[in-house]
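Heads up, the thing below is written out as structure tokens.
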Amino acid sequence: MPKHTSFYALGLSYKKADASIRGKFSLDAQAKATLLIQAEAEGIESLIVTSTCNRTEIYGFAQHPYQLIKLLCANSQGTVEEFQEVAYIYKNHDAINHMFRVGTGLDSQILGDFEIISQLKTAFNESKSNGLVNSYLERLVNSVIQASKKIKTQTEISSGATSVSFASVRYIFNNVDDIANKNILLFGTGKIGRNTCENLVKHTKHEQITLINRTKDKAEKLAQKLNVIVKDYSDLQIELQKADVVVVATGAQNPTVDKTILNLKKPLLILDLSIPRNVNENVIDVEGVTLVHLDHLSQITDETLENRKQYIPQAEAIIEEIQEEFISWAKNRKFAPTIHALKEKLNSIKEGELNFQRKKIANFDEEQAELISNRIIQKITNHFVNHLKDGESMEEGIEWIEKVFQLEQEKSLF
């Protein structure tokens with residue numbers, strides 16, 4: 001771990017921050033890129049940034065968490081005061097534990113949702129390409145990925161179809177009569193929207209689904225895959241009149257649908273699956289409009305979700321095992337230079353003593369003396385390693401060894 005810094009995990013999530021606050025702190029690709037550049041300029045050695053519909057987080061090294069909070073607020077619409085109201089800040093061991101729980105789906109809004117691990121990998125790759133990942137953070141992220149894979153393959157915590165997109169489809173089917181013959185409009189091609197569309201295609205007629213996206217080629221790629229209709233962005237108002245259900249999944253920072261573009265002749269169900277919200281609340285002023293937001297859909301639970309809870313202890317045991325391996329590695333890494341230097345010091349003493357004995361003893365058994373002294377050195381260093389591993393204050397132990405054996409000069413070689 002870098003000297004004089006601590007490892008922090010800080011941010012906000014669905015647990016305390018509602019959709020509007022999460023929207024304020026959400027970071028698009030450009031904001032994340034700028035944040036990484038600023039972090040490097042401010043001398044922050046290593047950090048990664050994630051921003052999803054359910055959370056925005058920074059994991060990194062700093063002398064004080066405010067360094068990281070300042071970066072987040074400078075690149076989002078949120079203020080430090082708003083952050084303090086809903087945020088969490090974890091340090092060192094607690095920060096490590098938090099990343100494990102987030103990356104393995106235990107902290108997800110829908111238990112067992114493994115979408116976050118791919119977002120964590122993306123964030124890691126972005127930071128690495130900017131030279132902002134040290135060996136500690138790299139090892140930690142790889143350990144979290146390992147835990148995620150193991151939980152996915154060895155437990156059933158992600159079994160069954162429970163996700164926001166699945167909840168969206170269930171809501172539509174439970175609240176819209178004769179859905180197979182109703183017109184569905186998907187506006188935007190965000191990930192949740194795409195997944196929702198795929199689920200809808202399985203249960204409805206393809207010709208009833210229309211896609212619109214600001215960038216038409218994105219919509220056309222998805223339409224080709226799912227065999228649905230694509231319309232121009234300029235046709236949005238006309239298509240809204242035809243639709244019975246609208247799924248909004250755009251990545252815009254401000255609402256793209258409001259009551260001024262609704263001229264309805266029949267009831268309309270609007271699902272807003274965007275963070276920040278992309279449908280203005282004023283649409284409910286229009287007669288016949290029902291507006292359902294992502295947060296409401298996320299609260300929909302079923303037997304599948306309840307069933308997943310029984311696998312939490314199994315998942316936690318896997319996390320504990322891999323987390324302990326990581327912490328052991330981090331500890332060893334911390335005292336390795338001191339142990340290397342100690343070994344060099346003992347070897348130097350050994351060489352001096354053997355040289356002395358060679359001159360003094362006529363039939364000096366050099367091979368035997370070398371063997372015995374090497375074994376003694378190994379046993380002595382093992383005792384020190386075990387003391388440092390088990391000792392509560394490793395820093396004091398390292399300092400004591402360095403002082404007694406005058407290791408500063410030797411240690412600087414490693």
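What you see is a predicted model; the values in this text were computed from it and never measured.
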* To do: Return yes if some donor-acceptor pair links the side-chain N/O of Lys266 with the main-chain N/O of Lys242 below 3.5 Å, else return no.
  => yes

* Glu239 backbone acceptor or donor facing Lys231 side chain under 3.5 Å -> no

* Residue pair Tyr136 / Glu138, side-chain donor-acceptor N/O under 3.5 Å -> no

* Closest non-hydrogen atom pair between Gln38 and Ala74, with its separation -> OE1-CB, 4.4 Å

* Asked: Are the aromatic rings of Tyr88 and His98 close, with centres under 6.0 Å apart?
  -> yes

* Would you find a donor on one side and an acceptor on the other, under 3.5 Å apart, between the side chain of Asp272 and the backbone of Val279? -> yes

* Asked: Is a side-chain N or O of Glu353 found less than 3.5 angstrom from the main chain of Lys350, in a donor-acceptor match?
  -> no

* **Minimum heavy-atom distance between Ile157 and Ala315, given as atom pair plus value** => CD1-CB, 4.2 Å

* Asked: Are a donor atom and an acceptor atom from the side chains of Asn382 and Gln378 found within less than 3.5 Å of each other?
  -> yes

* Check whether any side-chain N or O of Ser127 sits under 3.5 Å from a backbone N or O of Phe124 as a donor-acceptor pair, and report yes or no. => no

* Asked: Between the side chains of Thr79 and Glu82, does any donor sit under 3.5 Å from an acceptor?
  -> yes

* Would you say the side-chain atoms of Asp28 pair up with the backbone N or O of Ala31, donor to acceptor, closer than 3.5 Å? -> yes

* Measure from the side-chain N and O atoms of Ser76 to the backbone N and O of Phe25, and report whether any donor-acceptor pair falls under 3.5 Å. => no

